[in-house]
Amino acid sequence: MAERYDPGAVESKWQRRWEEAGLNRVDIDGAERPFYNLMMYPYPSAEGLHVGNVYAFTGADIHGRFKRMQGLDVFEPIGFDAFGIHSENFALEKGTHPMELIPQNIANFTRQLKQLGFMYDWGRMVDVTQPEYYKWTQWIFLQLFKGGLAERRKAPVNWCPSCKTVLANEQVIDGHCERCSTLVTQRFLHQWFFKITDYAQQLLDNLEWIDWSESTKRLQRNWIGRSDGADIEFEIVGHPDKKLRVFTTRPDTLFGATFMVLAPEHPYVDEITTRERRAEVQDYVQRALAMDLVERKKAGEERQKSGVDTGAVAINPATGEEIPIWVADYVLMEYGWGAIMAVPAHDERDFEFAKGYRLPIRVVVIPADQYESFDPDAELEAAFTEHTEDEVLVNSGKFDGVPAAKAIKDITAWLEKEGRGTFAVNYRVHDWCISRQRYWGPPIPIIHCENCGVVPVPEDDLPVVLPYVENFKPDESGVGPLARSEEFLNVDCPNCGGVAKRETDVSDTFLDSAWYFIRYPSTDRHDLPFEPVRTKKWLPVDMYIGGEEHAVLHLMYSRFITMALHDLGHLPFEEPYHKFRKHGLIIREGAKMSKSRGNVVIPDEYVERYGADTLRSYLMFLGPYEEGGDFRDQGIAGISRFFDRVWDTVANSELADGPPETDELNHKLHATIKKVTEDLAGLQYNTAIAALMEYLNAVRAGGRRPRHSEVEPLIAMIAPFAPHLAEELWERLGNTPSVFSGANWPQYDAQLAVSEEVDIAVQVNGRFRATIKAPRGASEEEVRALALANEAVQRHLDGVEVRKTVFVSDRLINLLV
RNA sequence: GCGAAAGUGGCGGAAUCGGUAGACGCGCCAGCCUUAGGAGCUGGUGGCCUUGUGGCCGUGGGGGUUCGAGUCCCCCCUUUCGCACCA
């Protein structure tokens, strides 16, 4: 009676053995060929592991196991991103304190992760909510503070009315809170900022050489949003002490600047508005400021642009003309200088505004081929924004006829010489607001002293332990729940010993994750955050796999923190990840998975029914790993059957000795090893599995019993996907110990990976008429002779003379008649 | 609006230095086996025409380059993602 594959039995047996043997523990100090295989650690939700997590981790685990089988010392750690609003909100909802809830969730996640057979070194697990971890998160804050990269300032910030805390710009999606989708409002509060803008250029520049998924790099580039242009200074009539500075990317259009616009918050608004206009301007500014940031930003699309004339007048430095200064809310204080020169002829927004308020429009750029026929009085239908070498300037004095692209440089250079302007760069990215008026995070290690002001907590006093606070519910006050703990709040100033209070905000959870991967190799060291020798040995990370949704959050923040720590002398590298690959998203039956749809795949159910190996492999088979796939319930049967056949091949028959039975099988074997090796290196798991299936079909074709030598490499190649099954069969093939304990990845012979005989397509006048077999490398003459001898070909030639042949070696011959 | 990616059988998806489109799998069809089977095995499966042989059509639509185009070029359509009053 044939023995059937019982995944449950096999998997629990091998999980037990791995644990007993310590198979996944890496010798951190002694490893000779270190390979740091990192994946984005999860937030341990109460629902347990999502299939999206399983998908991400499986792809990363396969990569790690593959590298290990190639003889590298692979370090594959895991941890839990258990701080943050997400956890806290859930705890509030459940009415359980996070200090109770989180350990339960972590225990559950750990159970699930172990069940799925990931190769984690559990001895180096990181839980960011443990004081021994966040002590160092606080330490990093202090290093940045000392280095002048952490700054407390009052600024307009995003406030989520539902989470009752501020959010970083990166956490606001389309004006809504990233976590709860509530419309974000604006508040003006004292907050801690990390000066990520100091690194904008480096963050951008290094994208040139780091090996990351292109799409992820593009997201970062867009977010950083560098624009090149000029700062230009305008004189204000009657205010010789003031210059109105603007940033523009189009200095070529300076001659067309017919008015200026200030943001409502601009400091000059009050100072330059004329007496007659004062009431109206104040009224407008008040209304604008009363609006939410979001409302104002949305306005651009939904309503007419509004504004008001200040009555003040500036001088266009190019034309010497007086131009009015307006205030309008379409100009944002947060970008550039909060003021613009308006060139209605060449900017859509300015054009719309000018039309609305009947302000003058002057064309200064036109297509080069219309230069001769240019009519300065013709009415412009829409803003003309092209500015390449094919457009030239008009109405621009000595710059008439200069191509626009060149004029950008020429006019800026001229301004520079005149002392009225300069080349300038602006970035879209803003400083990272890290304060959170919440409970569940590391307290920011700062003390506010009545005498000394802002005082950092001395490093020796770290960690500032997050106290147990019974009522941690956030409120509208803008002050975090930690302020309710008198014991926590009141402290002696470390400087003067006087009366002082602790900072009550906690830090953003993205700070926890900005350095967790640096901690992993040093988790056993409690005297320092990361041990220098180990850090140098294992970092930067060799391969990082994760979701692209973190492109401008975690991935950018961790790059910034790494650069900062590098510049502060703590790290020997400035980029944290050598290689980053995003994985795709998994959908179900063509639709997004969501709780509300009720179509979420629960991993446990599939593990129970088919086994972890089958679930893992099926997930990888759905589609290209970097693009995602569609989980179709019926599809898993294909992998299940495949593994049944693999099992049957090894477990239910004596395998004959000797080399692969035929040359053809031997070729197939080597070709398969080659393909699978290459596919795994490129994360092309779906096609690798297809190749393994094809190979098994070949060795079992017609019901034949394969030989030992035909099967063993297959088992090794299956191992990264289905580690438990592979171990069991590897053992049954007579091997000890674990298939992962040495460089057991099969080698291929490049010569053998190609067969000696090839199929060649024969075309007559470009149409396929036949295929013929020919020896590999056959010459054109040989192939031509074989083709002409073919009956089907002859029928199409029908005695006509072959005029010309096109020959592609080993592939095709095309006979032209 | 701007930027990017992608459109291939009933379905998931293969194949892009231009060279036999549809690998592998799901589903479906036929046969075998079985007391039974949501099991297993064998074979088939893009469409249309054809007794067979074979022929024609076919990778979102239209044009082009080429002996030859899913692949390269131009135009258009659709979908997805990112950004969006960023000056």
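Reminder, nothing fancy here: chain letters follow the sequence lines and each chain counts from 1.
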| request: For nucleotides 6-13 of chain B, just jot down a letter per nucleotide in 5' to 3' order: B, S or -, based on protein non-hydrogen atoms under 4.0 Å. | output: -----SBS

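Among pairs with a residue in residues 687-698 of chain A, those fulfilling side chain to side chain donor-acceptor pair (under 3.5 Å) read A:Lys668-A:Glu694, A:Asp679-A:Thr687, at least two apart in sequence or across chains.
Proximity of A:Thr687 to the phosphate of B:A15: no side-chain N or O atom is located under 4.0 Å from OP1 or OP2. At least one side-chain nitrogen or oxygen of A:Arg811 sits closer than 4.0 Å to the OP1 or OP2 atom of B:U20.
Remark: the A:Gln763 side chain and the B:G19 base include a donor-acceptor N/O pair separated by less than 3.5 Å.
For A:Phe631 and A:Tyr606, the ring centers sit closer than 6.0 Å to each other. In this structure, A:Phe510 has its ring center at least 6.0 angstrom away from the ring center of A:Trp432.
Computed from coordinates, the A:Met693 CE to B:A14 P distance equals 14 Å when rounded to whole Å. Rounded to whole Å, the distance from CG on A:Asn814 to C1' on B:G68 is 6 Å.
Note on ring orientation: taking the six-membered ring where Trp is involved, the planes of A:Tyr335 and A:Phe247 are perpendicular (angle over 60°, cut-offs 30° and 60°).
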N/O to N/O distances under 3.5 Å, protein versus nucleotides 26-28 of chain B:
{"unit_1": "B:C26", "atom_1": "OP1", "unit_2": "A:Arg641", "atom_2": "NH1", "d": "2.5"}
{"unit_1": "B:G27", "atom_1": "OP2", "unit_2": "A:Arg641", "atom_2": "NH1", "d": "3.4"}

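Inter-residue side-chain proximity for A:Leu815 and A:Leu788 is flagged as met; some heavy-atom pair is nearer than 4.5 Å.
Residue A:Glu780 places its CD atom among more than 12 non-hydrogen atoms of other residues, nucleotides or ligands, all under 6.0 Å distant.
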